[in-house]
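Report on the following structure.
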2 protein chains.
Amino acid sequence: MARYKFQGETPPEGQEEVCPVTYTQNLTAGRWKIIILWHLSKQTRRFNELQRLLPGISKGILTRQLRELEEDKMVHREVYKEVPPKVEYSLTPEGKTFIPVLDIMGEWGKKHMQRK
Amino acid sequence: MARYKFQGETPPEGQEEVCPVTYTQNLTAGRWKIIILWHLSKQTRRFNELQRLLPGISKGILTRQLRELEEDKMVHREVYKEVPPKVEYSLTPEGKTFIPVLDIMGEWGKKHMQRK
DNA sequence: CGGAATCCTCTACGATACTG
DNA sequence: CAGTATCGTAGAGGATTCCG
């Protein structure tokens, strides 16, 4: 699961259950994760392509964000045994079910951002 | 807005727009914010009540999380000039429009958590 | 009762160098 | 091309003390 020490991860004493909302929140709680999911929702991408789509990200960080998303079953990593290496990232079926959630969060955000 | 240095806050060079999804994400990106919003969606609460509902949180942290939610127009703070002091927290109208989003995140989270 | 003010810790993010 | 390994830093969270 997510590596953030927010509510969902370590339920405070007295609360046995992990809040599903916070669980969801934590999945996307990474500096680049939402944008990565968004790009992958459009099409499969290679490592280098993603790096170019995310100006400013370093290879180390991109790798970590992708590994975490993979661990969370949101992203699939396909390695082609070629030289030079080729690795393609795509959404898993579960990752795809998350797109509508992203959409709704985006809709709400758009409205809320305007009333500032 | 949120105080997190995720994607939404400082758009990387080359991207003018702030992603609305990330904007939404950031609003709830605090260790206790989602649970606070959830409790306030049920009913108005006093400071001390909230502290009791969130076992393990300190006054300082609770104050900060509430102040940030207030700044983000999610939570309303009503001060009653009495002795001893009384302060009530509730959702703003905008905060209330966020409940359906929470619900959807929760639904998705529930399903996703099971398939582990 | 509902904070404000300090100090501290932990870790997500990032920069850099190196590699099969 | 797609990483790994190492090191450094900022800032979110927390513990504690004091206050009107």
Side-chain angles (χ1 to χ4, degrees), chain A residues 1-13 22 25-36 44-72 75-89, chain B residues 1-13 22 25-36 44-72 75-89:
Chain A
M1 236 286 277
R3 283 125 292 273
Y4 287 79
K5 285 182 64 183
F6 295 142
Q7 179 75 7
E9 204 165 4
T10 325
E13 303 150 51
T22 311
Q25 221 275 357
N26 285 194
L27 287 185
T28 57
R31 175 85 171 71
W32 304 89
K33 286 186 185 173
I34 282 173
I35 313 282
I36 290 172
T44 296
R45 291 288 189 181
R46 296 181 61 172
F47 185 87
N48 249 353
E49 288 181 317
L50 281 175
Q51 196 177 8
R52 258 177 283 117
L53 288 168
L54 306 172
I57 198 172
S58 70
K59 293 181 178 197
I61 297 299
L62 179 53
T63 301
R64 281 224 301 266
Q65 302 269 312
L66 285 169
R67 287 291 186 282
E68 292 177 8
L69 286 169
E70 210 188 333
E71 217 179 299
D72 291 334
V75 162
H76 172 68
R77 178 167 175 262
E78 185 76 32
V79 184
Y80 297 87
K81 293 178 183 167
E82 310 171 354
V83 180
K86 171 177 164 184
V87 179
E88 281 188 346
Y89 292 92
Chain B
M1 234 286 276
R3 283 126 291 273
Y4 288 80
K5 284 182 66 183
F6 295 141
Q7 180 74 8
E9 202 164 5
T10 324
E13 303 150 51
T22 311
Q25 220 277 357
N26 285 193
L27 287 185
T28 58
R31 175 85 172 70
W32 305 89
K33 286 186 184 173
I34 283 174
I35 313 283
I36 290 172
T44 295
R45 292 287 190 181
R46 296 181 61 173
F47 185 87
N48 250 352
E49 288 181 316
L50 280 175
Q51 197 177 6
R52 258 176 284 119
L53 288 167
L54 306 172
I57 198 172
S58 71
K59 294 182 177 195
I61 297 300
L62 180 52
T63 301
R64 280 223 304 262
Q65 302 269 311
L66 285 168
R67 286 290 186 284
E68 291 178 8
L69 286 169
E70 209 189 333
E71 217 179 300
D72 291 334
V75 161
H76 172 68
R77 178 168 176 263
E78 184 76 31
V79 183
Y80 296 87
K81 293 179 184 167
E82 309 172 355
V83 181
K86 172 178 163 184
V87 179
E88 282 188 345
Y89 291 92

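In what follows, chains are A, B, ... by sequence order, proteins preceding strands, each numbered from 1.
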- Would one find a side-chain N or O of B/Arg64 under 4.0 angstrom from OP1 or OP2 of D/dG13? no

- Query: Phosphate oxygens OP1/OP2 of C/dG3: is one of them under 4.0 Å from a side-chain N or O of B/Gln51?
  - Reply: no

- Query: Using a cut-off of less than 4.0 Å, is there contact between a side-chain N or O of B/Trp32 and OP1 or OP2 of D/dA12?
  - Reply: no

- Note on the structure: Checking D/dG3, D/dG14, D/dC1 against the side chain of A/Thr63 (C-beta onward), the nearest is D/dG3

- Message: As a test of reading the structure: which of C/dT16, D/dA15, C/dC13 is closest to the side chain of A/Gln65, going by heavy atoms?
- Response: C/dC13

- Query: Ignoring hydrogens and angles, does a donor from either the side chain of B/Arg31 or the base of D/dG14 sit under 3.5 Å from an acceptor on the other?
  - Reply: no

- Would you kindly compare B/Lys86 and A/Gly60 by the position of their nearest DNA chain C nucleotide and give the one closer to the 5′ end? B/Lys86

- Query: Counting side-chain heavy atoms from CB outward, which of D/dG3, C/dT16, C/dA4 is closest to B/Arg67?
  - Reply: C/dA4

- Per A/Tyr89 side chain, nearest of listed nucleotides C/dG3, D/dG3, D/dG14: D/dG3

- Which listed nucleotide (C/dG3, D/dG3, D/dC1) is nearest to the side chain of A/Pro84? D/dC1

- Task: Kindly say if A/Arg46 contacts the phosphate of D/dC1, meaning a side-chain N or O under 4.0 Å from OP1 or OP2.
- Result: no

- Query: Side chain of A/Lys59: nearest nucleotide among C/dG3, D/dG3, C/dG14?
  - Reply: D/dG3

- Would you call A/Lys33 and B/Gln25 a side-chain contact if the rule is heavy atoms closer than 4.5 Å? no

